[in-house]
Protein chains: 2
Amino acid sequence: MTAKRILIVEDEKAIRDMVAFGLRRAGYEVREAEDCRQARARIVDVRPDLMLVDWMLPDMSGLELTRSLKRAKDTEEIPVIMLTARAEEQDKVGGLEGGADDYITKPFSPRELLARIQAVLRRAAPAGAADVVEADGLKLDDSSHRVSAGEREIPLGPTEYRLLHFFMTHPERVFSRGQLLDRVWGGNTYVEERTVDVHIRRLRKALEPYQLERLVQTVRGAGYRFSTRDA
Amino acid sequence: MTAKRILIVEDEKAIRDMVAFGLRRAGYEVREAEDCRQARARIVDVRPDLMLVDWMLPDMSGLELTRSLKRAKDTEEIPVIMLTARAEEQDKVGGLEGGADDYITKPFSPRELLARIQAVLRRAAPAGAADVVEADGLKLDDSSHRVSAGEREIPLGPTEYRLLHFFMTHPERVFSRGQLLDRVWGGNTYVEERTVDVHIRRLRKALEPYQLERLVQTVRGAGYRFSTRDA
DNA sequence: TAGCGGTGTCATGGAACTGTCACAGACGAA
DNA sequence: TTCGTCTGTGACAGTTCCATGACACCGCTA
């Protein structure tokens, strides 16, 4: 449920910047690469959720890159959208045959790009992954976006919801404020660490009516932990 | 049952758009594919009730696609209507031999297409599977395309109808505006996400006289949900 | 050609949410 | 106990998000 990471592989800085700008605005985490060599290096540590690959690259065609990615076991799952200046039908086919999940022809509107990205990500999403997490009578159903204690629904703000969801899917583990900011807020947001405290407080407050606030525990000097065992 | 899903496999955007438009208007849920490769990918997650397949496709003839579908156990039940530009009798025969359930020659009128679709679906349907969804006194009969609360019929515009239908067949689940655009408007339309708000509003307004607008719920920061349980 | 239903976009206002701060309280080390 | 550090808590101002009404546009038809 964190922000999706997108890796752009495009040699023209102007286009890269424009696309990156639009995507960041839309809430994605964006990384950039100028050529296939850089792209390969980034893939390893960035682990993008989706890649935008230009057709024409200085060192190797984007098509080849895509093909090789789809061939490797650990990268075949990454959806790829090809960017191409050529409008010819055969190229489109080529892009898809190479394993790209979609293609888009320059010039394209930001809106169209976003729509395609959403479509591809949605398609790639593992449908029906365990959507319900439960702990000690507290139930979180991600598909309906509901949190409940027994029959009673617990209203939560967006951030508190994400926070609780993260905690419940990573129980019994301490996370520092920095880690929580990274994983719940998203990697490139700049927020005071103390802000986490406040949201923890708000989450606890929402859980109080059901005596469930004990599940959110403070580990002094280290951070916070979600645990059904008492502290 | 739910609204019938139709997958169009056609490389010419103009024709695809036209057909899709007509079908959506008629209340079908439409998905599109430009070639056989895409089509195969979509079949898996879309599970169409019927497919319209163009004769000529960039990567593989529609005939071959049809034949291979009919050969596979899990897709053989899907009825296929071939679209062909060639009027020759032999092609028609070829289409049917390949396993297509019907064929239609371009240019065709939307009405003719609809008639054939209905005919094929009727033939395929194990007669009597009532197309009715109901929730909390709100009834949607897809075969007659009517929505009612008790005895009173509720008038809805086409988009509101599709939206409600989608919601009622996917209750208790939150959909983002993007998802709704994708699944109710169709994957290839580019519309502002805020437009969804407006149609939600129109739908709610139509349901208001029956105090049913509470079924359409806002999940702040996430999207909308149809649910009989209160928010 | 004017009227009409249906659609998509925009501007606006208000409600909900967010991040920050200041201060109080709790805790641990000497 | 005492002090310094860390955490809990209430308040608040800025921002974001959503509901809503208005409006322009389109295709259709009388």
Side-chain angles (χ1 to χ4, degrees), chain A residues 3 24-27 109-112 115 145 147 154-164 174-178 180-182 184-186 188-208 213-225 231, chain B residues 17-18 20-22 24-27 109-111 145 147 154-164 174-178 180-182 184-186 188-208 213-225 231:
Chain A
R24 291 214 171 88
R25 221 171 123 119
S109 73
R111 181 189 299 171
E112 184 182 2
H145 216 269
V147 178
I154 303 176
L156 288 181
T159 305
E160 283 70 60
Y161 179 88
R162 287 201 309 276
L163 188 57
L164 179 61
V174 178
F175 295 95
S176 69
R177 292 173 176 73
L180 289 173
L181 283 180
D182 246 24
V184 176
W185 272 251
N188 42 5
T189 45
Y190 300 102
V191 177
E192 290 292 325
E193 292 208 338
R194 296 291 267 108
T195 298
V196 174
D197 298 27
V198 178
H199 283 277
I200 288 282
R201 153 75 175 141
R202 289 171 180 158
L203 176 56
R204 281 173 173 159
K205 202 166 192 172
L207 298 177
E208 254 173 36
E213 75 278 12
R214 63 194 174 75
L215 298 177
V216 181
Q217 304 167 356
T218 304
V219 180
R220 194 179 166 85
Y224 296 95
R225 169 181 57 200
Chain B
D17 285 347
M18 189 196 70
F21 178 74
R24 290 211 173 91
R25 228 171 119 114
S109 73
R111 180 182 300 168
H145 221 263
V147 179
I154 302 177
L156 287 181
T159 306
E160 282 71 59
Y161 178 87
R162 287 202 310 276
L163 188 56
L164 178 61
V174 173
F175 295 95
S176 68
R177 293 172 175 74
L180 289 172
L181 284 180
D182 203 39
V184 176
W185 273 251
N188 310 25
T189 46
Y190 304 107
V191 179
E192 287 293 326
E193 294 207 337
R194 302 242 124 265
T195 298
V196 175
D197 298 29
V198 179
H199 284 277
I200 288 281
R201 155 78 173 137
R202 289 170 181 158
L203 176 55
R204 280 175 174 159
K205 203 165 192 174
L207 297 177
E208 251 173 37
E213 76 277 11
R214 65 196 173 75
L215 298 177
V216 181
Q217 304 168 355
T218 303
V219 181
R220 186 166 238 270
Y224 295 97
R225 171 181 57 202

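Here is how names work: the chains are called A, B, and so on, in the same order as the sequence lines, proteins then strands, and each is numbered from 1.
- What separates CG of Leu203(A) from P of dC17(C) is a distance of 14 Å, to the nearest Å.
- For Thr195(A) and dT20(C), the shortest distance from a side-chain N or O to OP1 or OP2 is below 4.0 Å.
- Judged by atom type and distance alone, Arg202(B) reaches the base of dG8(C) through a side-chain donor-acceptor pair under 3.5 Å.
- Straight-line distance from the CG atom of Leu163(B) to the C1' atom of dG8(C): 14 Å, rounded to whole Å.
- Within the structure, a side-chain polar atom (N or O) of Arg201(B) is placed less than 4.0 Å from OP1 or OP2 of dT20(D).
- Listed here is the closest heavy atom pair of Val219(B) and His145(A): CG1-ND1, 3.4 Å.
- Side-chain nitrogen and oxygen atoms of Tyr224(A) include at least one within less than 4.0 Å of the OP1 or OP2 phosphate oxygen of dG8(D).
- Nearest nucleotide to the side chain of Asp197(A), out of dG8(D), dT7(C), dT20(D): dG8(D).
- Computed from coordinates, the Arg194(B) CZ to dG21(D) P distance equals 16 Å when rounded to whole Å.
- An OP1 or OP2 oxygen of dA19(D) is reached within less than 4.0 angstrom by a side-chain nitrogen or oxygen of Thr218(B).
- Of the two residues contacting DNA chain C, namely Val196(A) and Leu156(A), the nearest-nucleotide position lying further toward the 5' end is that of Leu156(A).
- Computed from coordinates, the His199(B) NE2 to dG21(D) C1' distance equals 15 Å when rounded to whole Å.
- Taking the side chain of Pro158(B) as heavy atoms from C-beta on, and the options dT7(D), dG6(C), dT9(C), the nearest nucleotide is dG6(C).
- Between Glu208(A) and Ile200(B), the one whose closest nucleotide on DNA chain D sits nearer the 5' end is Glu208(A).
- Regarding contacts with the backbone of dT7(C), every side-chain N or O of Trp185(B) stays at 4.0 angstrom or more from both OP1 and OP2.
- For dG21(D), one of the phosphate oxygens OP1 or OP2 lies less than 4.0 angstrom from a side-chain nitrogen or oxygen of Lys205(B).
- Counting distance only, with no hydrogens placed and no angle test, the side-chain atoms of Arg220(B) and the base atoms of dC18(D) include no donor-acceptor pair under 3.5 Å.
- Side chain of Val198(B), nearest nucleotide from dT20(D), dC21(C), dC18(D): dT20(D).
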